[in-house]
Enquirer: 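If you scroll down you'll find the structure; I have some questions about it.
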Amino acid sequence: MSPNFHLWLIPLLPLLGAAINGLFGWRFSRQLVSAVALTFSGAAFALGLWVATQFPSLGTGLYRESSAVWIRAGDFQADFGFYLDQLSLIMLLIVAGVGFLIHIYSVGYMWEEGGFYRFFSYLNLFLFFMLTLILASNYLLMFVGWEGVGLASYLLIGFWFTRDQAASAGKKAFIVNRVGDFGFLIGLFLLIKHFGSLDFETLFASIRLHSPETQGAGLLTSIALLLMLGACGKSAQIPLYVWLPDAMEGPTPVSALIHAATMVTAGVYMIARSHVIYDRAPAAGMMVAILGTLTAFFAATMGMTQTDIKKVLAYSTISQLGYMFLACGVAAYTAGIFHLMTHAFFKGLLFLAAGAVMHATGGEQDMRNMGGLRTKIPWTFWSMTAATVAICGIPPFAGFFSKDEILWQAYASARGSWLYWLFGVITAGMTAFYMFRLWFLTFFGEYRGGRAEAHLPAQPGGRGSGHAGGDDPHRVPSPSHGQGGIHESPKVMLVPMVILAVLSVVGGWVSYHHTFENFLSPVFREGGTDSLVETRPTSTGVESPVEEGGKETLFMTISVGAAAIGIFLAWLLYLRRPAWPDRIAHRMWGLYQTVLHKYYVDELYAALFVKPLINGSTNLLWRGIDQNVIDAGADQSADLTRRLSDSLRHMQSGNLRSYAGWVALGAAAVIGYMVWIGIP
Amino acid sequence: MNGSLAMVPQATDYLRVLPEIVLSIFGMAIMFADPLLKERPPRTLGTLALLGSLLALAATWVQAQYPGFAFWNMVRVDAFSVFFHFLIVAVTAVVILTSFEYMEVEGIRAGEYYGLILLGAVGMSLMSSAVELVLIFLALEISSIATYILAGFRRRAAISSEASLKYFLLGSFATAFFLYGVALMFGATGSTSIQVIGAALSSFEVPALAYAGIALMFVGLAFKVAAAPFHIWTPDVYEGAPAPVVGFMSTAPKAAVFAVLLRLMFEAHAPGRIGLIWVVAALSMTLGNLGALVQNNVKRLLAYSSIAHAGYLLVAFAAVPDSGIPAAMFYAASYAAMNVGAFAVVSHFSNAGERYVKIEDYSGLSSSSPLLAAILTVFLLSLIGIPITGGFIAKFYVFSAALQSNLVGLVILGVLNSAVAAYYYLRVIVVMYMREPRGEVPVSAVPAGMGAAMAVSLAATIYLGVLPGRVLDYAGRAVAEWLH
């Protein structure tokens, strides 16, 4: 007799909250709006916790329920079905838990903003889709969540729509993700075609009959690569990472929840969920690992030059997601999910703390105008410190365990390589550098706010504050934040931060004696035996063989050492010798500019894809064929007359005849083709 | 084959064209009543038309009880034809609902407007059940002539008359192709019955003449569904024609022509199908989406979008019949739901003289009329193909049917196209939600008829996205019954 978890309720509760606030919120007081939003997101979390306590009673570690048939056509069927195993349980707790905390924080952060009810309605809507994504029992329902979170993210990025950047950032995020979804969808079509199902259990059972495609690329490799494209879009990996930095236009709680802790990890979750495919497609796995490594590395370099506090964190997120990709690529899924969890804690917290800093300084985002905030906002400072140390991988903070696990697997896994490890370690050093740079610039030294020309790394070459100033377009403080002096945030914001700070410290300890690994391992095991791809346990547990253990200790020491060097350099450059960064930038002018401009990737994409598309559309189709151009600038009456005369002129000038000409030409082509194939 | 050999039509023959009869009676009654009614309360004739379309809906149910051939094998009533009858008549009813407000605001009192809609619907319905080429031609002409006139109903706007004239001239040109095709096909096979042609084309070696016949018929039909390269007329005509009429002519006649094309391609075993469809579908998707990217006028944007959607739908034609035909049927239905809905919003918002049809006019609609903005957003999301809307399931089915038939290239092109397409639909959403409202654009309250039309389209769009099972099952059964 298996228990009934009513999993369908978990996503549905936030949806209900979204509907109530969305439809009636404009009549509610702020208190009521927050009460509704918190009740429903809290209820989802509570239900998640209850499910977690009941989970051990399952024994099998597998639970599924099917609410209704969604699509059935021929042999193919997809249900509104939900699926729970160790993997989705962990995701559920992370998403619902961190989601609930950030809901609480948002009440304080957004309190004086316009559109309060709208914000919470979107936020609840996001939770609905995210929970659907992780609890879905088949790829198609997962895709519903997948597109849905994209939609919610789009709405939330563009929340402050009076800023033009916000609206276009939202659009960019949506469209870049569509490119990823293109891969995802085609992957799904291929799965349907060859396996006739998208249901995880049925599908994976039939894929398990295949042996790994070690010789060249076959069907599974193509599917894995297509799914990877989808994951790259959602999780902001090379080549589709460009939307995430821009997404920082959204309110900070949104950045914390969607663009750090949960949504962007959906790609990692999807790859882990599809491990049966990736295990059998070593070439695709390698591709994932390479993309992850490169993304981790390059995003870290970009993070080192940013001056906007949220942009630094955005590149840091991309970089950390790269680590998770790397882990999945070398088939160390447990390590990837472990890092996903600790990252949700410390990166969520980093954003919340950054929001608190902005709250304190009146919407300031440029770190060059901060400094010395340590004593003024101590709670924020200490929370931020916990998160910063955690992300740098200093023991015994959470990030240490997960990052160390990934780096070890990157080397030791059967699919690993010392190159992955090396790049990973260098990235760890850079991570420590830019995070402590942020920490020193924000909290130490003297407060530099209020002074007009206060930019710490002044530009060589007399470019003055033009430096990177373009990256943070909304210097205008958001309304409300900023009256009075620098002040600590209200309790409603501090409490979630403190909870996450505690988790950032202790969250990694669950790996003690492989507890976390053992809990997740049934998911990634192959039919009762070990995983198809051999990975090796770490010595955060004790019982590794002596030789391996020694090697691993050495590796661990090196990566902690790299972090220490990064911290030292940050201290040296930004606290001890604040003039040096300029000099270094001056010395390496070309490199510095390249990195500062994010390797000109945005410009490259614009030149390669966006411009040709728009130009082609404008010149070829619009001017060439469709001549009925309407000038957007002309006012209505003039427009009408002009249109009248235009249309008459076109009629006379043979517009109609040219149209008929096109039809005749097309007809000739069709007839020609058909007769050509028709003649034997 | 009940009654097929008798020289005198039997009662069941008439039952099998009952929806057409009902629509014709109401259409003509409105035409006659129009001059007789001195003081014409604007809604009387409209209400009569609505009643007629609802009765025709009931007649479709009656018709469905009598499957079989009628009138010497010229008409075939089966689940397939009933599906399209239902779709066309339902669209007609919704469009009549959306027209009430438009006619009042525009001050158009002509009753023949409603008469023409009903008579057009007669032709369209007949197209979906006709299985004889000459009858198909007649039905096509009935439907086309009605839409030519309807396109010119904004009499005070020159652009509308221009649209009507262009549509008429080019449309006749295209119909001529179709007619030539019928003649050549008759020459090649000695028959105009689709069934006989199908038997002929599958039994002995296919003469080149038949290829030419198919090509010519295809050109005529592709023009009517606005498939590239025969789409040129679409933006101009859609821009000029009254908004409710565009909602009508972008869905119902298209569905009817797709029904004819399905019969022609699959029942008549049209040779050279895959190559032809491949190219036309690829062109339609690509040109439609590229063209839409730079439009500033919502009606033109939706015109290009309808070209692209014709392309997506045609992808299903290249697939194997068992999965391709149901996919095409489902796509036609869900496109009808979302597009009629979108045009209902556009028509309500455009105001007298269709003054507000530019994208910028929609600025801040979410704050001036949140409900209207939300409704339009659902339709646009469905047009993009976002899950839990009909548009997603429709695309999903078409592409997965195509992939099962190994049309990998076409699928990649299609999915890529739908990724590009997100951009221009999204522009409208961005403007509605992320721009400050413009003071000068008035948003009036939605009247009951329009509200009902929007509600029906919205419900259909979401129903097809959330519970597509019944419709898909029906389409699947229709194909099984038809082909096996």
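Basis for what follows: all heavy atoms, side chains included, without hydrogens, waters or symmetry-related copies. Lettering follows sequence order; numbering is per chain, from 1.
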Enquirer: Below 4.5 Å from any heavy atom of chain A, which atoms of B:F173 appear? Answer side chain, backbone, both or neither.
Expert: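 Side chain only.
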Enquirer: Please classify the contact between B:F177 and chain A as side chain, backbone, both or neither, with a heavy-atom cut-off of under 4.5 Å.
Expert: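 The side chain, not the backbone.
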Enquirer: Would you mind reporting whether B:P229 and A:W662 have side-chain heavy atoms less than 4.5 Å apart?
Expert: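 Result no, sub-4.5 Å side-chain heavy-atom pair not found.
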Enquirer: Taking atom OG of B:S418 and atom CG of A:D181, what is their separation to the nearest 0.5 Å?
Expert: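 That separation rounds to 9.5 Å.
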Enquirer: What option among B:A215, B:A210, B:A402 has the most heavy-atom pairs under 4.5 Å with chain A?
Expert: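 Highest number of heavy-atom pairs under 4.5 Å: B:A215.
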Enquirer: Please check this pair: side chain of A:W70 against backbone of B:P468, looking for a donor-acceptor N/O pair closer than 3.5 Å.
Expert: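 Not a single qualifying donor-acceptor pair exists.
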Enquirer: Out of B:L472, B:I393, B:I214, which one racks up the most heavy-atom pairs below 4.5 Å with chain A?
Expert: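 Winner by heavy-atom pair count: B:I393.
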Enquirer: Please state whether the side chain, the backbone, both or neither of A:A664 comes within less than 4.5 Å of a heavy atom of chain B.
Expert: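 Both parts, backbone and side chain.
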Enquirer: Is B:V415 in contact with chain A via its backbone, its side chain, both, or neither, using a 4.5 Å heavy-atom distance?
Expert: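 B:V415 touches chain A through backbone and side-chain heavy atoms alike.
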Enquirer: Is it the side chain or the backbone of A:F143 that comes within 4.5 Å of chain B heavy atoms, both, or neither?
Expert: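 Both parts, heavy atoms under 4.5 Å.
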Enquirer: Which bit of B:I384 is near chain A, if near means a heavy-atom gap under 4.5 Å: side chain, backbone, both or neither?
Expert: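 Both backbone and side chain of B:I384 come within 4.5 Å of chain A.
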Enquirer: Heavy-atom pairs under 4.5 Å with chain A are the metric here; pick the option from B:L209, B:L170, B:V280 that has the most.
Expert: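 So the answer, after comparing B:L209, B:L170, B:V280, is B:L170.
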Enquirer: Roughly how far, to the nearest 0.5 Å, is CE of A:M674 from CZ of B:R273?
Expert: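 Here the interatomic distance stands at 11.0 Å.
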Enquirer: Taking all non-hydrogen atoms of both residues, which atom of B:Q404 and which atom of A:K193 are closest, and how far apart?
Expert: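 Heavy atoms of B:Q404 and A:K193 come nearest at CA-CE, 3.9 Å.
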Enquirer: Highest number of heavy-atom pairs under 4.5 Å with chain A: which of B:L216, B:L467, B:L416, B:L283?
Expert: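 If we count pairs closer than 4.5 Å to chain A, B:L416 comes out on top.
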Enquirer: Counting C-beta onward and ignoring hydrogens, is there a side-chain heavy-atom pair between B:L381 and A:L151 closer than 4.5 Å?
Expert: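 Yes - at least one pair of side-chain heavy atoms lies under 4.5 Å apart.
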Enquirer: Between B:S323 and chain A, which part of the residue has a heavy atom less than 4.5 Å away: side chain, backbone, both or neither?
Expert: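 Interface part for B:S323: neither.
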Enquirer: With respect to chain A, which residue among B:G469, B:S400, B:S367 yields the maximal number of heavy-atom pairs within a distance under 4.5 Å?
Expert: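 Most heavy-atom pairs within the cutoff with chain A belong to B:S400.
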Enquirer: Side chains of B:V430 and A:Y154, heavy atoms from C-beta outward: is any pair under 4.5 Å?
Expert: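 Heavy-atom side-chain distance check passes, below 4.5 Å.
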Enquirer: Indicate yes or no: at least one non-hydrogen side-chain atom of A:I671 is less than 4.5 angstrom from one of B:Y211.
Expert: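 No, their side chains stay 4.5 Å or more apart.
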Enquirer: Decide yes or no for B:F392 and A:L140: does some side-chain heavy atom of the first lie under 4.5 Å from some side-chain heavy atom of the second?
Expert: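 With C-beta onward as the side chain, the pair touches.
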Enquirer: Heavy atoms only, distances under 4.5 angstrom: which of A:V144, A:L665, A:V670 has the most pairs with chain B? Name it, please.
Expert: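 When all of A:V144, A:L665, A:V670 are compared, A:V670 has the most.
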Enquirer: Would you say the side chain of B:V420 lies within less than 4.5 Å of the side chain of A:R178, judging by non-hydrogen atoms?
Expert: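 In short, these two side chains do not touch, never coming nearer than 4.5 Å.
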Enquirer: Identify which part of B:N406 has an atom lying under 4.5 Å from any heavy atom of chain A, answering side chain, backbone, both or neither.
Expert: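 For B:N406, the contact with chain A is made by backbone and side chain together.
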Enquirer: Out of curiosity, B:S366 OG to A:R118 CZ, how far, rounded to the nearest 0.5 Å?
Expert: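 Interatomic distance, B:S366 OG to A:R118 CZ, rounded to 0.5 Å: 6.5 Å.
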Enquirer: I need the single residue from B:L403, B:V411, B:V408 that forms a side chain to side chain contact (heavy atoms under 4.5 Å, CB included) with A:L190. Which is it?
Expert: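 Among B:L403, B:V411, B:V408, the one meeting side chain to side chain contact (heavy atoms under 4.5 Å, CB included) with A:L190 is B:L403.
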Enquirer: Taking atom OH of B:Y167 and atom OH of A:Y659, what is their separation to the nearest 0.5 Å?
Expert: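 B:Y167 atom OH to A:Y659 atom OH measures 15.0 Å (nearest 0.5 Å).
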Enquirer: Compare all side-chain heavy atoms of B:F399 with those of A:L185 and state whether any distance is below 4.5 angstrom.
Expert: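 No, every pair of side-chain atoms sits at 4.5 Å or beyond.
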Enquirer: Which heavy atom in B:G272 sits nearest to a heavy atom in A:Y673, and how many Å separate them?
Expert: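 Result for this residue pair: O-CE2, 4.5 Å.
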Enquirer: Under 4.5 Å, counting heavy-atom pairs only, tell me which of B:A374, B:G275, B:A174 racks up the most with chain A.
Expert: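 Winner by heavy-atom pair count: B:G275.
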Enquirer: By a 4.5 Å heavy-atom criterion (distance strictly below it), what part of B:I412 contacts chain A: side chain, backbone, both, or neither?
Expert: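 Contact with chain A is through both the backbone and side chain of B:I412.
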Enquirer: Heavy-atom distances under 4.5 Å only: say whether B:L276 touches chain A with side chain, backbone, both or neither.
Expert: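 Contact with chain A: backbone and side chain both.
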Enquirer: Within this structure, what is the CZ-CZ distance for the pair B:F396 and A:F189, rounded to the nearest 0.5 Å?
Expert: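 Nearest 0.5 Å value for the CZ-CZ distance: 5.5 Å.
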Enquirer: Check each atom of B:I429 against the heavy atoms of chain A and say whether the ones under 4.5 Å are side chain, backbone, both or neither.
Expert: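 For B:I429, the contact with chain A is made by backbone and side chain together.
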Enquirer: Does any backbone or side-chain atom of B:L426 lie under 4.5 Å from a heavy atom of chain A? Answer side chain, backbone, both or neither.
Expert: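 Both parts, heavy atoms under 4.5 Å.
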Enquirer: Rounded to the nearest 0.5 Å, what separation is found between the CZ atom of A:F80 and the CD1 atom of B:I388?
Expert: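 If we round to the nearest 0.5 Å, A:F80:CZ and B:I388:CD1 are 8.0 Å apart.
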Enquirer: For B:L169, is it the side chain, the backbone, both or neither that has a heavy atom under 4.5 Å from a heavy atom of chain A?
Expert: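 Side chain only.
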